[in-house]
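Inspection log for the structure reproduced underneath, given as C-alpha cells.
Values below: every heavy atom of this structure, side chains too, minus hydrogens, waters and symmetry copies.
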Amino acid sequence: YKTYVNKKAMGLTYKGYFKHLMTIGAGLPLSAIKDNKVVDLDYSLRDLTGAEVHELATVLKANKSLKTFKLDWRNMREEHKLRFLASKHHAIVRNMENFRFECVEGNVNVVRAFAQGGVCEKGDAFLIACEKFSLEVVQALVDGHDAERIRLGSRRVIDAAGTTEY
C-alpha cells in the first residue's frame with residue numbers, strides 16, 4: 001500500500017518508482033535511520049536532490065537515535081530547509097548554528113519553521129533572534145511558536161518595545 005501511495009504522490013509508474021528508489025537509495029541509509037541505528041550523519045559535502053530531501057525528511061519523523069545531522073545548510077534551497085524542519089527532528093530544529101544563520105539572513109519563513117519545530121525550547125533562541133536582527137525575524141519566531149506555551153504574542157512584544165514591562 002505504501003508503495004502505491006508513494007508512487008502515486010510522485011506521479012510515477014511502478015517501474016519508475018522502483019528505479020527512483022534504486023537511484024536515491026544509493027548512499028542514503030534510509031533503513032538504518034528508520035530503525036534508529038544511526039547516531040551521526042554528515043551530508044555537508046553533498047548536494048541533496050529534492051527526492052533525497054523528501055525521503056530523508058520522511059524517515060526522520062520517526063527517528064529517535066540521530067544526534068547530529070550535518071547538511072550544507074547555507075547553500076540549500078529554502079524549500080528543502082522547510083521540508084527538513086517540518087520533520088521536527090531535534091537534530092535539525094535545535095541546530096543553533098543554522099538558526100543563527102537564518103536570523104542573520106532574515107529568512108522569515110525558515111525562522112518561523114524553526115519556531116514551529118521547537119527551537120524555542122532552547123532558552124537562547126529568542127535572545128539570538130533579538131540580539132541584532134530585524135523585527136520581522138523576531139516576530140516570525142514569536143508568531144511561529146505555540147502561544148499557549150509562552151503566553152506572549154508578537155503584538156505584545158512590539159507594544160512593550162522600549163520598556164521592561166511584559
Side-chain angles (χ1 to χ4, degrees), residues 1-3 5-10 20-21 24-25 27-131 133-134 136-154 157:
Y1 178 73
K2 278 186 173 181
T3 303
V5 171
N6 288 338
K7 75 122 185 134
K8 187 85 168 159
M10 297 173 83
H20 162 77
L21 288 178
I24 72 155
L28 295 178
L30 299 175
S31 294
I33 296 169
K34 182 180 167 211
D35 296 338
N36 292 307
K37 295 180 180 175
V38 176
V39 177
D40 301 301
L41 280 177
D42 187 349
Y43 288 116
S44 59
L45 299 177
R46 183 171 172 169
D47 186 22
L48 297 170
T49 66
E52 290 172 323
V53 170
H54 174 73
E55 294 291 329
L56 283 167
T58 300
V59 296
L60 283 172
K61 288 180 181 178
N63 177 274
K64 303 285 186 225
S65 66
L66 192 62
K67 301 296 178 210
T68 60
F69 189 20
K70 296 180 183 177
L71 296 162
D72 186 11
W73 191 266
R74 292 171 184 247
N75 296 313
M76 190 180 297
R77 293 169 44 183
E78 182 175 317
E79 64 206 58
H80 294 173
K81 292 176 184 180
L82 294 173
R83 184 168 301 265
F84 274 126
L85 288 165
S87 76
K88 297 187 179 186
H89 194 282
H90 288 276
I92 296 169
V93 297
R94 294 193 178 180
N95 185 314
M96 299 310 282
E97 180 182 334
N98 293 341
F99 174 70
R100 185 183 307 272
F101 172 76
E102 297 302 334
C103 288
V104 169
E105 294 297 310
N107 296 331
V108 176
N109 292 335
V110 179
V111 170
R112 187 174 293 115
F114 265 107
Q116 292 167 345
V119 75
C120 295
E121 292 170 14
K122 288 199 70 137
D124 53 349
F126 192 72
L127 293 176
I128 289 170
C130 290
E131 211 168 45
F133 310 113
S134 72
E136 291 81 20
V137 168
V138 175
Q139 185 173 357
L141 181 63
V142 174
D143 288 345
H145 189 60
D146 183 359
E148 287 300 313
R149 287 205 311 226
I150 62 171
R151 290 186 172 79
L152 184 66
S154 61
V157 171

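When all heavy atoms are compared, the tightest approach of Ala91 to Lys67 is CB-O, 3.7 Å. Looking at every heavy atom in both residues, Lys88 comes nearest to Gly117 through CG-CA, 4.0 Å. Across all their heavy atoms, Ser87 and Ala57 have their closest contact at CB-O, 3.6 Å. Heavy-atom minimum distance, Ala113 versus Leu82: CB-CD2, 3.6 Å.
The CD atom of Glu105 sits 10.5 Å away from atom SG of Cys103, with the distance rounded to the nearest 0.5 Å. Here the CD atom belonging to Glu52 is positioned 5.0 Å from the CG atom belonging to Leu28, to the nearest 0.5 angstrom. Of the inter-residue distances, the one linking Glu102 atom CD with Asn95 atom CG reads 10.5 Å to the nearest 0.5 angstrom. Note: Arg74 CZ to Lys81 NZ = 9.0 Å, rounded to the nearest 0.5 Å. Annotation: the span from Arg112 atom CZ to Leu85 atom CG amounts to 13.0 Å, rounded to 0.5 Å. From Met96, atom CE reaches atom CZ of Arg94 across 10.0 Å, with rounding to the nearest 0.5 Å.
In this structure, Asp42 places its CG atom where more than 12 heavy-atom neighbours from other residues, nucleotides or ligands lie under 6.0 Å away.
A donor atom on one side chain and an acceptor atom on the other are found under 3.5 Å apart for Asn109 and Glu78.
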Exercise. Test Arg83 against Leu60 for side-chain contact (heavy atoms from CB on, under 4.5 Å), laying out the working first.
Key: CA-CA 11 Å; Arg83 184 168 301 265; Leu60 283 172; over 6 Å; no
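The shortest distance between side-chain heavy atoms of Ile92 and Asn98 does not fall below 4.5 Å. Contact of the Ile33 side chain with the Leu66 side chain is not registered, since no non-hydrogen atoms from C-beta on lie closer than 4.5 Å. A 4.5 Å side-chain heavy-atom check between Phe69 and Asp40 finds every atom pair outside the cut-off. Side-chain contact between Pro29 and Leu41 is present, with at least one heavy-atom pair separated by less than 4.5 Å. Leu48 places none of its side-chain heavy atoms less than 4.5 Å from the side chain of His80. A 4.5 Å side-chain heavy-atom check between Glu97 and Trp73 finds every atom pair outside the cut-off.
Remark: Asp72 engages Asn75 in a side-chain contact (heavy atoms from CB on, under 4.5 Å) (not counting sequence neighbours). Remark: Ala62 engages no residue in a side-chain contact (heavy atoms from CB on, under 4.5 Å) (not counting sequence neighbours).
Judged purely by atom type and a 3.5 angstrom limit, Ser65 uses its side chain to pair as donor or acceptor with the backbone of Val38.
Of the candidates Phe99, Phe101, Phe84, Phe114 forms a ring-ring contact (aromatic ring centres under 6.0 Å, His included) with just one, namely Phe99.
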